[in-house]
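Presented below is the structure to which this report refers.
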Amino acid sequence: MILLTYISILFSLIPLISGILFYRTINSSLKPFFWYSVFLTFTECFVSFYAYTFGDNMFMYPYYGLIQYFFILIVYKYQGVFKRLNWLFFVLLLFGFALFYHDNFYLDPKPLMPLFLMIGSGFICFLLALLFFYQELQFPKADIWKNPVFFMVVSLMFYGLGNVFYFLLFNSALSNQKAFEAISNYHEILNCSFYTLNACVFYFTRIWKTAY
């Protein structure tokens, strides 16, 4: 499990390096996704450093989850998902703050993980991806799969559903060491796959100069 954690940290550097190398080819609609990748790399490194240096770092997760949720909303906003639904953006933003408050301050005893926030943000990430594809199907384009944005949305959809599965099982696996190790390994593999897809997004901006 420790080895996979180190591998996950290394993989988190790939989209960061890829984004820096191809930053000039990234159009403005993908810039928020680049900064989201920067945040993910920082979080992977800092959370792991804090855990191995000081120990318990669970208090960070509600704040980390809220910031990540905010980034995801901004990413989809730049893709025009809320163009005709501005009210939905603010409703989802308030919903995220409500989940954060519920997990971090309201629940007693406080959960080890901010489950409602993480599960809720995962589902919303997936549903926004569906909304994006629905809007795109209204005006079909040739070779849509060659668009970096396509890979970005697929990556977010994959990560959102993967996190829902992880956080649903996290607390139930705490009492079983083998189950906990298995679900932890699954999460690290999910992260590695997600970071690889994110790196592809930035690389494809170089070979496929198309954008929404």
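Predicted, not measured: the structure shown is a model, and the values here were computed from it. Note that these values count all heavy atoms, side chains included, but never hydrogens, waters or copies made by symmetry.
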For [X] against [Y], the heavy-atom pair lying closest together:
X      : Y      : value
Leu117 : Pro62  : CD2-O, 3.4 Å
Gly162 : Leu190 : C-CD2, 3.6 Å
Leu156 : Cys125 : O-SG, 3.2 Å
Leu99  : Gly120 : CD1-CA, 4.2 Å
Pro15  : Phe11  : CD-O, 3.1 Å

message = Just verifying a value: how many Å separate Phe33 CZ and Thr205 OG1, rounded to the nearest 0.5 Å?
response =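 Between atom CZ of Phe33 and atom OG1 of Thr205 there are 11.5 Å.
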inquiry  = Once rounded to the nearest 0.5 Å, what's the spacing between atom CG of Leu13 and atom SG of Cys45?
reply    = 5.5 Å
inquiry  = As a quick check of understanding, evaluate side-chain contact (heavy atoms from CB on, under 4.5 Å) for Leu128 and Leu73, giving each step before the final call.
reply    = CA-CA 9 Å; Leu128 288 175; Leu73 291 184; 3.8 Å; yes
Please check: side-chain N/O of [X] versus main-chain N/O of [Y], any donor-acceptor pairing under 3.5 Å?
X      : Y      : value
Ser12  : Ile9   : yes
Ser184 : Phe180 : yes
Ser193 : Ile189 : yes
Thr25  : Phe22  : yes

request  = Please report the C-alpha distance between Phe89 and Tyr76 in whole Å, then the side-chain angles of each, then the deciding distance to 0.1 Å, and finally whether the ring-ring contact (aromatic ring centres under 6.0 Å, His included) criterion is met.
outcome  = CA-CA 9 Å; Phe89 174 80; Tyr76 279 112; over 10 Å; no
message = Please evaluate residues Phe132 and Phe82 with respect to the criterion ring-ring contact (aromatic ring centres under 6.0 Å, His included), reporting the C-alpha separation (whole Å), side-chain torsions for both, the decisive distance (0.1 Å), and the verdict.
response = CA-CA 9 Å; Phe132 171 84; Phe82 303 107; over 10 Å; no
task = With Ser37 as reference, evaluate Phe71, Phe202, Phe42 under the side chain to side chain contact (heavy atoms under 4.5 Å, CB included) test and give the passing residue.
result =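 Of the listed residues Phe71, Phe202, Phe42, the side chain to side chain contact (heavy atoms under 4.5 Å, CB included) partner of Ser37 is Phe202.
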task = Name all residues meeting the side chain to side chain donor-acceptor pair (under 3.5 Å) criterion together with Ser8; count only those two or more places apart in sequence or in a different chain, and write none if there are none.
result =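 So Ser8 forms a side chain to side chain donor-acceptor pair (under 3.5 Å) with Glu44, Glu188.
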query = Under 3.5 Å, is there a donor-acceptor pair linking the side chains of Asp103 and Tyr61?
reply = no
task = Please assess Trp87 against Val91 for the test side-chain contact (heavy atoms from CB on, under 4.5 Å), listing each intermediate value before the final yes or no.
result = CA-CA 6 Å; Trp87 60 270; Val91 167; 4.0 Å; yes
request  = May I ask you to check whether Phe100 and Tyr69 place their ring centres under 6.0 Å from each other?
outcome  = no
query = Who pairs with Phe133 by ring pair (Phe, Tyr, Trp, His ring centres under 6.0 Å), at least two apart in sequence or on another chain?
reply =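 Ring pair (Phe, Tyr, Trp, His ring centres under 6.0 Å) list for Phe133, sorted by chain: Phe150.
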ask   = Aromatic rings Tyr64 and Phe39: how do their planes relate, parallel, tilted or perpendicular, breaks at 30° and 60°?
value =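 Tyr64 and Phe39: parallel rings.
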ask   = Does NZ or CZ of Lys31 fall inside the cone over Tyr23's six-membered ring, less than 6.0 Å from its centre and within 45° of the axis?
value = yes
